[in-house]
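In what follows, chains carry the letters A, B, and so on, assigned in the order in which the sequence lines appear, proteins first and then strands, with residues in each chain numbered from 1.
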Amino acid sequence: MTLLDRHIEFLDALRGAGLPVSLSEGLDAVTALGLIGWTDRQQVKEAYAATLVKRANQRATFDGLFELYFPRMVGSGMTPSLTGEAAAAGVAKDGPEALEEFSSRLAEALEADDVEMLRQLAAEAVARFGAMPGRGPGLSSWSSYTALRRLSTDELTARLIEGLQQGGWTEEEAARVGTRRMDRFAGLVEADARRRIAEEKGPEQIAKIAVRPTIEKLDFLHARRADLEALRREIYPLARRLATRLTQEHHARRRGAVDLRRTLRSSMSTGGVPVDLRFRPKRPHRTELVILCDVSGSVSNFATFTLMLVFALREQFGKVRAFTFVDEIHEVTSYFKPGADLVDTMTELTKATEHAARMGRTNYGRAFSLFQERHADALGPKSSLLILGDARSNYSDLAVDSLRAMADAARHSHWLNPEVRTQWDTGDSEATRYGSIIDMRECRNLTQLSEFVHDLA
Amino acid sequence: MPSRTSSWFSSPAEAVTRLGDVGYLADDSTALTSYLAGALEKPVLIEGPAGVGKTELAKAITRATGAELVRLQCYEGLDEARALYEWNYKKQLLRIQAANDGQAWEETHDDIFSEEFLLTRPLLTAIRREEPTVLLIDEVDKTDVEVEGLLLEVLSDFQVTIPELGTMTSTRRPLVVLTSNATRELSEALKRRCLYLHLDYPDADREREIVLSQVPGLDDKVARQLVSVVGRLRELELKKAPSIAESVDWARTLIALEITDLSDKAVADTLGVVLKHSSDVDRAVRELRLKR
């Protein structure tokens, strides 16, 4: 395989992962590489990044693929620690002592936060503890899962957190930093296992399955803990971007009806001929929002994110009232204070979930009836109703009439469903029946969500 | 420095040294992109949070290469007349009024659409300059989409057509730096024509070097403490994480207040220099266990 083939395959893989790499950008990359040469891997990587990756959030995808197509090393490389040191110390490749010895070295590196050392250790971990015997020679494989389980990462994390605390960090901070470092190490181990598999089976195979989508395309329902944190960090910038866009669009169509008085007044200077038409400024219309969120288990993340985003954009709306429900309805508007801290609000919201649950089983019908009973006054001819949830109501009474009454009372009504459209109406999902009353939209990731919120404001 | 004005950087390593000489501590990717921008004659699009030195990089390149900076500050409502060129109507009018009656219209016409009545704006200025030029297009995300179209045309060919005067092509391509805070997604077409550099907060060692180089009188110990506190603040989920510019401001504040040890109390007292939201200050006080 020539270098050119590899280059072209790499570009293909990037396109496959959703990066819009054009032909001219590929040519730029080749020209750039012609200038800097292939001697320094880091520079090759940066040159590729500068010419091909045009958005910061695509960088992670790029990094993952680059590691697969231009691996750091082949096999276990020439790391002395694996062959020389371990052999010299008389430690077997695997076994309790080996684990013990390795763990202590890992703990040291984690505490020092030595990235290069951690990378070497990750490679070593996969080589020593992550090998899975295959059915025949050459069929062996590598598993990051096995390697990490053998290393009992939880214990290591606890030790690391303790160590950090002694180093003068507060408890929560130490916990957060410790977990983050451990997550990063786990990421390195996963990357190394992928590299080894890619080496044996060819990178195309791995590129298709192993590369995660960017945070904007990430499914709310499949988000991991680390993803949730990343998503939360996105809310504020996203809200700011949306606000800028809305303001600009609003300015673009600021002109309202003809202002007769001012037009006549200005026609004085042209001898009574109305040459310049004057316009009345358009009154900004502000949507009043009433949001109902299903906060039961699986969909609660989605509901919280939408709520946070809407409240971060609060000045774009006239008035916002928010309610959460599982089988009880609970108003949460007061949790959103202007200028309050995102993390605190999220924590309080999660705590407030218990007020929304009585039996703990989602019951849309009951929630709608209760809303009609207690908060019917929230909806008026100026307000938009927004319902967030997967429409899975545990086969209970649907209270279709209550919902219809709510939809009639509001000016507009929308329903956002975080499930894939193909799963609607499966099991206890009542998407079609509710969808016939209120227009239901699929909303699975940040991109869809921000589009929707933009149209709403 | 006549020899230096002849070209941009000759290698990434040289870019690091020369940018370092003028007081900009560049990391690998920054140096490489600065080098490629000159070598490939392509514009660079720099994105990143506010206050990480995007504009400063363009200025540093200017200083390091002995070029001259032409700056176009973008804002909402920026148009061709402000970005490219404009005819000096008032002067043209004067010229017509001053012309004696005998002059033919053709002559007057040729006369008033000449160099003398042309007001060049940053983009045209940069194209027409014969000497090495860095063209800084600052905060390009603030403009309207139409201006992006204009930029596309100018940045791909480096030529401008003025109907009355003909096409002006650059004799020497300027090095173009565009900066953006990513408040708006720029069009794919514009991005495709640019090299891309994402500047982020630096790691602790580099930040300490930056702070020490910007604030000469600062004690090394205080700098170390300051950078570590700033690092911890960035780990918190704040609305506005402290930028490098704010770390430098903080260092200056400490010098002015003659604080030689960054104790918890000192941090709590001066936190307002780095954090600009009251909820952020509250959060930091709580997480860093500061007493107020």
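Within a 6.0 Å sphere centred on CZ of B:Arg173, other residues, nucleotides and ligands contribute more than 12 heavy atoms. Applying the 6.0 Å contact sphere to CG of B:Asp144 captures more than 12 heavy atoms from other residues, nucleotides or ligands.
With a 4.5 Å cut-off on non-hydrogen atoms, B:Asp200 does not touch chain A at all. When heavy atoms are compared at a cutoff of 4.5 Å, B:Leu195 approaches chain A by way of both its backbone and its side chain. In this structure, the portion of A:Ser24 lying under 4.5 Å from any heavy atom of chain B is its side chain and not its backbone. Only the side chain of B:Thr33 has a heavy atom closer than 4.5 Å to any heavy atom of chain A. Neither the backbone nor the side chain of A:Arg59 has a heavy atom closer than 4.5 Å to any heavy atom of chain B.
With chain A as the partner, the residue from B:Glu47, B:Arg232, B:Lys142 showing the most heavy-atom pairs under 4.5 Å is B:Arg232. Among B:His198, B:Glu235, B:Lys42, the residue with the largest count of heavy-atom pairs under 4.5 Å with chain A is B:Glu235.
Ion pairing of B:Lys265 with B:Asp269 is present here, as a side-chain N (NZ or NE/NH1/NH2) and a carboxylate O approach within less than 4.0 Å. Residues A:Arg241 and B:Glu185 are not paired through a salt bridge, judged by the lack of any N-O separation under 4.0 Å between the basic side chain and the carboxylate. A:Arg41 and A:Glu67 are joined by a salt bridge, as a carboxylate oxygen and a charged side-chain nitrogen come within less than 4.0 angstrom of each other. The existence of a salt bridge linking B:Glu188 and A:Arg55 is confirmed by a sub-4.0 Å separation between a basic side-chain nitrogen and an acidic carboxylate oxygen.
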